[in-house]
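Contents: one structure, followed by commentary.
Both backbone and side-chain heavy atoms feed into the values below; hydrogens, waters and symmetry mates do not. The structure displayed is predicted, hence computed values, not measured ones.
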Amino acid sequence: MPRILYFFILSLSLILFSCNSAFRAQNTHVVLSKQVAEYLSTKELIVHNNSTEKLITRTATIQETDTLYQLTYNKLKGDAVILQITDDSGKMRNVAIPQMKLSAYPVLLSSTISPTLTVYALTFPGRNYHTDYMLLLYNPIAAAIDAFAGRVIFRTRKHARYTVPNTYRIANLTDVTTIDTANNQLLLEIPIPVNPNPTNYLTQDYRKKC
């Protein structure tokens with residue numbers, strides 16, 4: 001019984017903590033300065049994909065954790081999404097938010113349950129040649145299921161692979177202050193963010209290097 005319990009706990013932990021797209025969080029966030037967070041807390045906040053074919057919107061909320069302020073919304077597909085800010089008087093502001101695409105492949109059985117199950121079967125006291133044949137048959141089947149499941153997950157959770165880079169934050173109040181919507185051209189001119197601190201992984205325009 002202890003061995004079976006150990007196998008169950010280990011399998012469950014691998015499933016829950018494996019780093020792949022199948023188990024990623026559903027939301028993402030943008031770090032805000034206190035001044036920006038206080039200003040946006042009284043505004044209507046919508047995040048959308050800026051598409052003329054199929055417009056997808058998300059409701060954004062302000063969250064405070066200790067001294068950290070975040071703009072949180074459910075993940076949305078796109079290299080850049082638009083934060084639409086609307087105040088009580090109807091004035092608006094559009095802010096571009098950069099996003100990067102996560103490339104981890106959502107393998108399931110072969111990356112989580114299969115290794116544990118294989119080790120358990122090989123070390124089982126009652127192991128015989130039937131067990132070995134079952135393992136030889138099981139692992140290719142598990143890999144084939146993963147290949148199929150990966151395609152399904154990519155289609156059904158296409159938004160889950162996109163997230164806001166940790167290096168991006170909105171700190172200046174002038175970047176989010178609403179403007180007179182009588183001049184529509186101002187709303188259409190949305191400056192794309194530039195990464196002030198390029199890293200080994202993100203370029204100046206938030207593209208992944210590796």
Side-chain angles (χ1 to χ4, degrees), residues 17-37 39-40 43 45-63 65 68-85 92-108 111 146-147 149-179 184-210:
F17 296 105
S18 60
C19 181
N20 57 57
S21 299
F23 310 112
R24 294 193 187 280
Q26 191 171 350
N27 56 37
T28 186
H29 65 268
V30 180
V31 177
L32 308 173
S33 66
K34 181 179 180 181
Q35 189 180 25
V36 169
Y39 176 79
L40 293 181
K43 305 295 184 290
L45 306 174
I46 299 294
V47 175
H48 64 79
N49 60 344
N50 198 32
S51 173
T52 56
E53 298 178 359
K54 185 179 180 182
L55 185 66
I56 302 175
T57 62
R58 301 279 192 263
T59 301
T61 57
I62 304 295
Q63 294 184 348
T65 56
L68 185 65
Y69 299 87
Q70 297 178 341
L71 174 78
T72 304
Y73 61 91
N74 283 352
K75 290 182 175 180
L76 187 59
K77 179 181 177 181
D79 293 332
V81 294
I82 304 300
L83 169 63
Q84 181 179 290
I85 306 166
M92 299 174 60
R93 182 66 175 266
N94 290 326
V95 180
I97 298 177
Q99 296 196 139
M100 64 178 183
K101 187 176 183 181
L102 303 170
S103 57
Y105 192 80
V107 287
L108 303 173
S111 65
D146 284 348
R151 291 182 175 275
V152 173
I153 290 171
F154 277 167
R155 289 184 177 275
T156 58
R157 300 200 65 198
K158 57 185 178 182
H159 300 288
R161 300 179 66 192
Y162 290 83
T163 188
V164 178
N166 293 331
T167 53
Y168 177 71
R169 67 193 311 264
I170 303 176
N172 300 322
L173 187 60
T174 54
D175 294 336
V176 296
T177 305
T178 54
I179 56 180
N184 290 333
Q185 189 61 33
L186 293 176
L187 290 176
L188 297 177
E189 294 176 353
I190 308 171
I192 300 299
V194 176
N195 187 359
N197 302 304
T199 66
N200 293 331
Y201 303 100
L202 295 178
T203 62
Q204 193 168 1
D205 61 351
Y206 291 97
R207 299 291 181 180
K208 291 179 66 176
K209 290 183 180 179
C210 56

Ring pair (Phe, Tyr, Trp, His ring centres under 6.0 Å) filter on Tyr162, not counting sequence neighbours, yields none
N/O donor-acceptor pair under 3.5 Å between Lys75 side chain and Ala160 backbone: yes
List the atom of Ala96, the atom of Pro191, and the distance in Å for their closest heavy-atom pair. CB-O, 3.6 Å
Looking at CZ of Arg93 and NZ of Lys43, how far apart are the two atoms once the value is rounded to the nearest 0.5 Å? 12.5 Å
Check side chain to side chain contact (heavy atoms under 4.5 Å, CB included) between Leu187 and all other residues, then give those that pass, not counting sequence neighbours. Met92, Asn94, Ile179, Thr181, Asn184
Who passes side chain to side chain contact (heavy atoms under 4.5 Å, CB included) against Leu188, sequence neighbours left out? Gln185
Residue Lys208 excluded, over 12 heavy atoms near NZ under 6.0 Å: yes
Looking at CG of Asn74 and OG1 of Thr57, how far apart are the two atoms once the value is rounded to the nearest 0.5 Å? 10.5 Å
So Tyr206 and Pro193, do their side chains get closer than 4.5 Å, heavy atoms only? yes
Run the side chain to side chain contact (heavy atoms under 4.5 Å, CB included) test against Thr59 and tell me which residues pass, sequence neighbours left out. Ile46
What pair of heavy atoms forms the shortest contact from Lys158 to Lys77, and how long is it? O-CB, 4.2 Å
Assess whether atom CZ of Arg207 is packed by more than 12 heavy atoms of other residues, nucleotides or ligands within 6.0 Å. no
Mind checking the CD1-CG spacing from Ile56 to Asn49? Nearest 0.5 Å is all I need. 5.0 Å
Could you work out, with side-chain hydrogen bond (donor to acceptor under 3.5 Å, both in side chains) as the rule, every residue matching Asp205, not counting sequence neighbours? Thr203
Mind checking what makes side-chain hydrogen bond (donor to acceptor under 3.5 Å, both in side chains) contact with Thr163, not counting sequence neighbours? Thr28
Taking C-beta and beyond as the side chain, do Thr167 and Thr199 meet within less than 4.5 Å on heavy atoms? yes
Please examine the side chains of Val31 and Leu71, heavy atoms only from C-beta on, and report whether any two atoms are closer than 4.5 Å. no
With a 4.5 Å heavy-atom cut-off, do Val95 and Ile190 have their side chains touching? no
The criterion is side-chain hydrogen bond (donor to acceptor under 3.5 Å, both in side chains); which residues satisfy it with Asn50, sequence neighbours excluded? none
Considering non-hydrogen atoms only, spot the tightest contact between Pro165 and Pro98 and give its length. CD-O, 3.4 Å
Salt bridge (charged side-chain N to carboxylate O under 4.0 Å, His left out) filter on Asp175, not counting sequence neighbours, yields none
Between the main-chain N or O of Leu76 and the side-chain N or O of Arg58, is there a donor-acceptor pair closer than 3.5 Å? no
Expected output: side-chain Asn197 to main-chain Tyr168 donor-acceptor under 3.5 Å: no
Nearest 0.5 Å please: distance from the CG atom of Leu202 over to the CG atom of Asn166. 8.5 Å
Once side-chain hydrogen bond (donor to acceptor under 3.5 Å, both in side chains) is applied, do any residues pair with Tyr73, and if so which ones, sequence neighbours excluded? Gln99
Those residues that, when tested against Leu173, pass side chain to side chain contact (heavy atoms under 4.5 Å, CB included) (two or more places apart): Gln35, Tyr39, Val176, Thr177
Contact between Asn172 and Val36 at the side-chain level, heavy atoms closer than 4.5 Å - yes or no? no
Side-chain contact, heavy-atom cut-off 4.5 Å: Ile85 with Leu40? yes
